[in-house]
Amino acid sequence: MLTAFLLLFLDLRAGKVFEKRTESVIAAFTGWILCLFLMVEILSCFKILDRTWLMVMWGLADAILLARLLIKKRYKTLVSDIRLMLKQCNFPWMFAALSLFMLVLSVLTVPYNWDSMTYHLTRIAYWAQNKSVAHYATISMREIASPVLAEFVNTCVYILCGKQDVLLNLLQTFSYLAGIVLVNRISIKMGISSKKSMAASVMFACMPIAFAEALSTQVDEFAAVWVLIFVYTVLDFIMYDDNLKWNRLNAYRLIVLSLSIAFGYLAKPSVIPEMLIFLIWMIIVRLKKKDNIRTLIAMICVAALCILAAVSP
């Protein structure tokens, strides 16, 4: 699973789709979740959501992405880009130590809280048993009606690990660590100094609820990541100096923006009001900059179609 994410990131970097590495990571993560979502839905339709078929699907995804890098000879530009990344790497040792500590603690922590025991993990077990994420008979409505995206990810992890729950906390842990980085990048994008942006990341990391949920199988950290991805991307449209035009970069950003809304809704619908505030801000700014109304309407329509397509299953 993680190999596909890495290959997708390398493909985006080699193809120079985005100027900044953070955008490439965000786009790769969004594309990775989209692939996972489609795999789970397609395999469920035929009731073959099991370890064998998941390995086949992920292996096929890896093969396609690797073939793209080799056939288009993108590895040549990729080598120089990786060297540049290593030279410019200013990864704080404090964050590296925190990441290692959290990952070890996450693996050692047994799933324990009420929500996990009553519906987060129980439906994963049912889906794995039924080889499908289709509805099933249960007295717990939350197993059927609650948002599904985080559990889709953990269902794949659960099945690929031989139906063991040892790695199920990692989704929240990685989301917590990603949140720390995204808060830093958003602060820098808004023009805040490096020291103050670092302080913002520390404040996020030190929130008791953020730390506690990073060691659970709940979904709030995962949902928060989609809000942060949305904010990081929408700021590109808000801070865009020229009039908005259809080009390759804006098209990719629009797709990422749309999918972040859809996946945020599928992770936890309570994130939508926060996103709506930023969308209203973006529209007001674009109107003040006298963008072409037809272009704005076309972008809104494309975004709406992407969102509807993602949430339709």
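Just so we're clear, the structure is a prediction, and the values are computed from it rather than from any experiment.
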With a 4.5 Å limit on heavy-atom distance, are the side chains of [X] and [Y] in contact?
| X | Y | answer |
| --- | --- | --- |
| Y252 | E23 | no |
| L235 | W281 | yes |
| K20 | R185 | no |
| I188 | S194 | no |
| R286 | I238 | no |
| M1 | C156 | yes |
| I293 | L287 | yes |
| F5 | V25 | yes |

Using distance only, find each side-chain donor-acceptor pair of residues 260-279 under 3.5 Å and give its atom names and separation, not counting sequence neighbours.
unit_1	atom_1	unit_2	atom_2	d
S260	OG	V256	O	3.4
S260	OG	L257	O	2.6
K268	NZ	D220	OD2	2.5

In this structure, are over 12 heavy atoms from other groups packed under 6.0 Å from [X] atom [atom1]?
| X | atom1 | result |
| --- | --- | --- |
| M203 | CE | no |
| L108 | CG | yes |
| M198 | CE | no |
| M117 | CE | yes |
| K289 | NZ | yes |

Separation between [atom1] of [X] and [atom2] of [Y], rounded to the nearest 0.5 Å:
| X | Y | atom1 | atom2 | answer |
| --- | --- | --- | --- | --- |
| L296 | N243 | CG | CG | 9.0 Å |
| W246 | T295 | CH2 | OG1 | 8.5 Å |
| Y176 | L171 | OH | CG | 15.5 Å |
| L149 | E151 | CG | CD | 9.0 Å |
| R253 | Y232 | CZ | OH | 8.5 Å |
| L8 | T3 | CG | OG1 | 12.5 Å |

Legend entry - Aromatic ring proximity W127/F152, centre distance under 6.0 Å: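 Yes; F152 has its ring centre under 6.0 Å from that of W127.
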Looking at every heavy atom in both [X] and [Y], which two are closest together, and how far apart are they?
| X | Y | answer |
| --- | --- | --- |
| T233 | I229 | OG1-O, 2.8 Å |
| A27 | L12 | CB-CD1, 3.7 Å |
| L254 | S258 | O-OG, 2.7 Å |
| R13 | E19 | NH1-O, 3.7 Å |
| S24 | F9 | CB-CE1, 3.7 Å |
| L259 | A310 | CD2-CB, 4.2 Å |

Is [X] reaching over with its side chain to a backbone N or O of [Y], donor-acceptor style, under 3.5 angstrom?
| X | Y | answer |
| --- | --- | --- |
| N169 | V107 | no |
| Q172 | E221 | yes |
| D11 | L65 | no |
| Y158 | A128 | no |
| N292 | R294 | yes |
| S106 | L103 | no |

Please list, chain by chain and in numerical order, all residues satisfying ring-ring contact (aromatic ring centres under 6.0 Å, His included) with [X], sequence neighbours excluded.
| X | result |
| --- | --- |
| F237 | none |
| F174 | none |
| F211 | none |

State yes or no: do [X] and [Y] share one hydrophobic cluster built from I, L, V, M, F, W and Y residues joined by side-chain heavy-atom distances below 4.5 Å, directly or via other members?
| X | Y | result |
| --- | --- | --- |
| I124 | Y119 | no |
| L70 | L7 | yes |
| F29 | L167 | yes |
| W58 | I64 | no |
| I300 | V311 | no |

Legend entry - Evaluation steps, side-chain contact (heavy atoms from CB on, under 4.5 Å), between V202 and I180: CA-CA 7 Å; V202 171; I180 295 172; over 6 Å; no
With a 3.5 Å cut-off and sequence neighbours excluded, list the donor-acceptor pairs that the side chains of residues 43-50 form with protein atoms.
unit_1	atom_1	unit_2	atom_2	d
S44	OG	V40	O	2.6
S44	OG	V133	N	3.1
D50	OD1	T52	N	3.4
D50	OD1	W53	N	3.0

Inset, instruction - Test side-chain contact (heavy atoms from CB on, under 4.5 Å) on Y240 and N250 and set out the steps. - result: CA-CA 10 Å; Y240 198 79; N250 283 337; 3.8 Å; yes
Legend entry - Donor-acceptor side-chain pairing of H120 and Q218 below 3.5 angstrom: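 No, Q218 and H120 have no side-chain donor paired with an acceptor closer than 3.5 Å.
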Inset, instruction - Ignoring hydrogens and angles, state whether a donor on the side chain of T217 or S116 is under 3.5 Å from an acceptor on the partner side chain. - result: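 Yes.
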Inset, instruction - Inspect the contact between D236 and K189 and indicate whether a charged nitrogen and a carboxylate oxygen are less than 4.0 angstrom apart. - result: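 A salt bridge is present here (some side-chain N lies under 4.0 Å from a carboxylate O).
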Donor-acceptor pairs are to be reported for all side-chain atoms of residues 136-144 against protein atoms at under 3.5 Å, with residues two or more places apart or in another chain.
unit_1	atom_1	unit_2	atom_2	d
Y136	OH	E143	OE1	2.5
T138	OG1	S140	N	3.1
R142	NH1	D115	OD1	3.3
R142	NH2	T118	OG1	3.1
E143	OE2	T122	OG1	3.3

Inset, instruction - Begin with the C-alpha distance, continue with both residues' side-chain angles, and end with the deciding distance and a verdict on side-chain contact (heavy atoms from CB on, under 4.5 Å) for M102 and L215. - result: CA-CA 8 Å; M102 292 300 296; L215 303 173; 3.9 Å; yes
Inset, instruction - Take I33 and W226, measure what side-chain contact (heavy atoms from CB on, under 4.5 Å) needs, and give me the verdict at the end. - result: CA-CA 11 Å; I33 290 292; W226 292 112; 3.8 Å; yes
